[in-house]
S.K.: 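Okay, handing you the structure first.
All values reported here derive from a predicted model rather than from experimental measurement. Numbers here simply count residues along the sequence, with the first being 1.
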Amino acid sequence: MTQAAMGLTMLGLIVVVIMLGFPTAFTLMGLGMLFGFAAFYDPAVPWFDNHVFDLMVQRTFGAMTNETLLSIPLFVLMGYVMERGALVDKMFHSVQLAFRRVPGSLAVATLIICTFWGIASGLVGAVVVLMGVIAMRPMLNAGYDTRLAAGVITAGGTLGILIPPSVMIIVYAAVAGQSVVKLYAAAMFPGFFLAFLYLLYVIGWALIQPKVAPKLPPEAQRAPISPQVAHIAASYSQRLLPALAAAVFAPARALSAAAAGARVSWLMLVRYLTLALVPVLLAVVTLGSVWWYVTIYSQKDNTPPAPEVTQSQPASQGSTALAEPPGAEGLQEPPGAEALQEPPGAEGSAPKAEQGLQALGEPVAAPHAEAVPETFYTGFWLTCAFVLALLVWYYAKMDAEQFEILRMLVSSVMPLGILTLVVLGVILFGITTATESAAVGAAGAFLMAWQAKTLNFQRIKEAVFLTAKTTAMVCWLFVGSALFSAVFALLGGQRIIEEWVMGMNLTPLQFLLLSQAIIFVLGWPLEWTEIIVIFIPIFLPLLAHFQIDPLLFGVLVFVNLQAAFLSPPVAMSAFYLKGVSPPHVTLNQIFAGMMPYMLIVILCMVFMYIWPGLTTWLPRYLYGG
């Protein structure tokens with residue numbers, strides 16, 4: 001058997017063995033060692049001196065010294081702490097009340113919570129199981145179609161691996177040698193756009209067929225009103241904002257009588273008024289931050305530095321540059337550390353082994369300064385006018401019940417929202433690396449769980465154990481992938497595939513369609529980890545030939561791999577949900593509910609190709625290039 005035939009056999013065998021149920025990481029290492037030993041075999045050399053053992057040590061050391069992988073256990077710990085802290089129950093109830101007048105309000109609330117909880121945790125299985133426990137029975141009890149309930153949980157739960165911070169993006173960055181920060185920026189808009197398409201589908205289905213999502217009874221749409229708030233509304237006005245403002249500046253009526261046995265203090269009035277103004281504060285902070293970043297922070301580099309006048313000196317007059325000490329002519333390899341040789345008979349036929357996991361160069365370069373376009377000012381002030389009109393409409397309708405819903409949203413959703421914005425903001429604006437941001441997120445998760453009084457020693461121990469288990473799995477995958485890809489390249493398998501693709505004379509669009517179709521089909525039997533560490537390195541060297549942006553290709557892969565969780569027979573989201581669903585919910589019903597979302601994933605990829613700025617605009621604006 002020739003070297004190239006061995007490489008192709010190795011690639012086909014890995015798919016078969018994984019489908020038989022063997023662990024992916026150890027299968028990669030085992031096949032890499034077996035085929036590498038055969039490739040490097042020389043009868044004149046003792047078997048224990050085979051170069052495959054040196055290759056294994058080098059690849060393992062290279063994988064474990066990649067500092068970017070430090071962010072994986074920290075992000076995973078952040079997700080498990082919040083999942084074990086049981087912080088979702090109140091959030092689901094408050095979001096459902098906020099959207100109670102929207103068609104399919106329970107499904108809409110489920111999708112929103114899945115999206116933002118997935119962002120914070122990045123754990124598909126944990127989000128699907130948690131939302132299955134919290135939302136599945138309420139939707140079924142309210143008369144929702146089983147396909148709608150199952151589909152929205154499984155599809156929404158997978159968004160956590162697409163929208164940053166995502167472990168999948170970190171794994172891809174390490175395999176492809178791309179910047180994690182730029183990939184985070186590139187995946188931001190497509191992730192939320194896909195969630196928006198899911199939302200349109202849910203609401204549209206509920207509007208076209210109201211029987212699949214019956215309207216909730218009036219008692220399920222009411223928020224409980226506390227005696228203090230009812231007393232303030234009765235004493236001043238049914239519109240809570242002017243009532244609270246009047247109560248703060250003229251508190252006599254509010255303090256004169258007890259509210260159904262509950263005391264009302266002036267500090268309580270101030271706190272309620274502050275809570276009522278939270279939407280205004282959020283709007284001011286968001287719009288102010290955008291204005292500051294675009295018009296002030298990003299323009300600091302536009303002032304050219306003053307030219308420096310220097311005098312050149314002839315080289316004969318002595319150089320002031322630092323010179324190497326005598327005898328230090330560059331770093332030398334230690335004796336006996338000759339580089340690995342190609343296997344016998346592979347000279348000139350196989351390319352050199354790829355460099356494996358590359359250093360990811362973090363943090364990224366400082367944001368690229370560009371002149372602020374005139375359209376920004378027009379768009380900014382139009383947005384301000386729209387937000388102002390929205391706030392006026394909201395406060396005109398704010399009564400005691402709306403205020404209570406706002407209180408629940410602030411207490412349950414706002415801490416998670418602030419933590420997510422901080423974690424993403426410090427990464428995207430170049431303030432910290434992904435690893436440092438992950439540490440901030442993990443610390444914030446502990447603080448949130450501690451504030452909610454839902455975390456004890458047992459739950460902390462479970463979170464740490466699950467984090468160590470997940471991290472070990474990812475690290476072994478990297479080691480196996482590095483060894484497998486090196487042996488595959490040395491055997492000439494990569495060259496054969498490249499020559500086959502080049503011989504087809506494909507256009508860039510045809511290559512994109514072919515590669516994404518292969519990844520989509522592979523998602524049916526394989527999981528995303530196996531696809532990224534085994535098959536993505538085969539496509540990466542071809543991107544330069546077809547002049548395809550690696551960021552665009554990477555995000556297309558991320559969106560495409562959403563289907564890996566939604567495609568039978570290895571649709572892990574379906575099995576996660578089946579484990580916590582009522583007995584009468586069948587796998588066929590769950591599969592039927594997931595299928596439309598696979599079509600939506602394909603539609604999102606079409607939009608991304610037609611409008612590549614959806615992916616590339618944000619990283620180019622923030623970091624240039």
S.K.: Do Leu556 and Tyr609 have side chains that approach each other closer than 4.5 Å (heavy atoms only, starting at C-beta)?
M.R.: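 Counting from C-beta outward, Leu556 and Tyr609 never come under 4.5 Å.
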S.K.: Show every salt bridge (Lys or Arg N to Asp or Glu O under 4.0 Å) that has at least one partner inside residues 466-482, sequence neighbours left out.
M.R.: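 Residue pairs with at least one partner in residues 466-482: there are none.
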S.K.: State, with a plain yes or no, whether a side-chain heavy atom of Trp476 is found less than 4.5 Å away from one of Met29.
M.R.: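 Yes. Closest side-chain heavy atoms under 4.5 Å.
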S.K.: Is the closest side-chain heavy-atom distance between Pro190 and Leu162 below 4.5 Å?
M.R.: no
S.K.: So, taking the atom named OG in Ser515 and the one named CD1 in Ile538, what distance separates them when rounded to the nearest 0.5 Å?
M.R.: 12.0 Å
S.K.: Which pair of heavy atoms, one from His584 and one from Gln589, lies closest together, and at what distance?
M.R.: O-OE1, 3.5 Å
S.K.: Backbone N or O of Val585 within a donor-acceptor pair of the Lys578 side chain at under 3.5 Å?
M.R.: yes
S.K.: For the side chain to side chain contact (heavy atoms under 4.5 Å, CB included) test, which of Ile418, Thr420, Val413 pairs with Leu416?
M.R.: Thr420
S.K.: State, yes or no, whether a side-chain contact exists between Pro550 and Leu540 at a heavy-atom distance under 4.5 Å.
M.R.: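 No; the side chains remain at least 4.5 Å from each other.
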S.K.: What verdict does the side-chain contact (heavy atoms from CB on, under 4.5 Å) test give for Met595 and Arg147, after you've listed the backbone C-alpha separation in whole Å, the side-chain angles of each residue and the deciding distance to 0.1 Å?
M.R.: CA-CA 10 Å; Met595 287 303 174; Arg147 295 169 298 167; over 6 Å; no
S.K.: Can Leu561 and Ile532 be said to form a side-chain contact (heavy atoms from CB on, under 4.5 Å), step by step?
M.R.: CA-CA 9 Å; Leu561 287 177; Ile532 285 183; 3.8 Å; yes
S.K.: Contact between Leu97 and Arg222 at the side-chain level, heavy atoms closer than 4.5 Å - yes or no?
M.R.: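 Not touching, per the 4.5 Å side-chain cut-off.
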S.K.: Can you establish whether the number of heavy atoms outside Tyr394 located under 6.0 Å from its atom OH is more than 12?
M.R.: yes
S.K.: Using a 4.5 Å cut-off on heavy atoms from C-beta on, say whether the side chain of Val423 contacts that of Phe75.
M.R.: yes
S.K.: For Tyr184 versus Pro164, what's the shortest heavy-atom pair and its separation?
M.R.: O-CG, 3.2 Å
S.K.: Looking at every heavy atom in both Leu74 and Ala442, which two are closest together, and how far apart are they?
M.R.: O-CB, 3.8 Å
S.K.: Please tabulate, for the side chains in residues 128-141, all donor-acceptor contacts under 3.5 angstrom to protein atoms that are two or more places apart in sequence or on a different chain.
M.R.:
residue: Asn141; atom: ND2; partner: Arg137; partner atom: O; Å: 3.2

S.K.: Looking at CZ of Phe189 and CH2 of Trp611, how far apart are the two atoms once the value is rounded to the nearest 0.5 Å?
M.R.: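 Between atom CZ of Phe189 and atom CH2 of Trp611 there are 8.5 Å.
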S.K.: Drop me the distance from Trp450's CH2 to Ile460's CD1, to the nearest 0.5 angstrom.
M.R.: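 Separation between the atoms: 12.5 Å.
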S.K.: Could you walk me through whether Lys182 and Leu551 pass the side-chain contact (heavy atoms from CB on, under 4.5 Å) check?
M.R.: CA-CA 8 Å; Lys182 289 185 178 180; Leu551 291 180; 4.1 Å; yes
S.K.: CD1 of Ile536 to OH of Tyr172: how many Å apart, nearest 0.5 Å?
M.R.: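 Here the rounded value is 6.5 Å.
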S.K.: Just verifying a value: how many Å separate Leu424 CG and Leu419 CG, rounded to the nearest 0.5 Å?
M.R.: 9.5 Å
S.K.: Output, in order, the C-alpha distance, side-chain angles, deciding distance and verdict of side-chain contact (heavy atoms from CB on, under 4.5 Å) for Ile519 and Trp528.
M.R.: CA-CA 9 Å; Ile519 293 171; Trp528 68 266; over 6 Å; no
S.K.: Of the non-hydrogen atoms in Ile203 and Pro103, which two are nearest, and what is the gap between them?
M.R.: CG1-O, 4.2 Å
S.K.: Do side-chain atoms of Ser105 reach the backbone of Arg101 as a donor and acceptor pair under 3.5 angstrom?
M.R.: no
S.K.: In terms of relative ring orientation, are Tyr201 and Tyr597 parallel, tilted or perpendicular, with 30° and 60° separating the classes?
M.R.: perpendicular
S.K.: Looking at Glu404 and Arg407, is there a salt bridge between them, counting it only when a charged N and a carboxylate O are closer than 4.0 Å?
M.R.: yes
S.K.: Any heavy-atom pair between the side chains of Thr110 and Phe92 that's under 4.5 Å?
M.R.: yes
S.K.: Provide the closest heavy-atom pair for Leu566 versus Met594 in the form atom of the first, atom of the second, distance.
M.R.: O-CE, 3.6 Å
S.K.: Is there a side-chain contact between Leu406 and Leu275 in this structure, where contact means two heavy atoms from C-beta onward sitting under 4.5 Å apart?
M.R.: no
S.K.: Parallel, tilted or perpendicular: which describes the rings of Phe116 and Phe192, with under 30° parallel and over 60° perpendicular?
M.R.: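 Taking Phe192 first and then Phe116, their aromatic rings sit tilted (interplane angle of 30° to 60°).
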S.K.: Between Gln221 and Leu216, is there a donor-acceptor pair closer than 3.5 Å when you use the side chain of the first and the backbone of the second?
M.R.: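 Present.
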S.K.: Side-chain donor-acceptor pairs under 3.5 Å in residues 152-160, sequence neighbours left out?
M.R.:
residue: Thr154; atom: OG1; partner: Ala150; partner atom: O; Å: 2.9
residue: Thr154; atom: OG1; partner: Gly151; partner atom: O; Å: 3.2
residue: Thr158; atom: OG1; partner: Ala155; partner atom: O; Å: 2.7
residue: Thr158; atom: OG1; partner: Gln562; partner atom: OE1; Å: 3.1

S.K.: What are the two closest heavy atoms between Leu552 and Pro612, and how far apart are they?
M.R.: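 Between these two residues, the closest heavy atoms are CD2-CB, 4.4 Å.
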S.K.: What is the distance from atom CZ of Phe26 to atom CG of Leu28, rounded to the nearest 0.5 Å?
M.R.: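 Spacing of CZ (Phe26) from CG (Leu28) equals 10.5 Å.
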S.K.: Fit a plane to each ring of Phe553 and Phe539, take the angle between them on a 0 to 90° scale, and name the class: parallel (under 30°), tilted (30 to 60°) or perpendicular (over 60°).
M.R.: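 Tilted: the ring planes of Phe553 and Phe539 meet at 30° to 60°.
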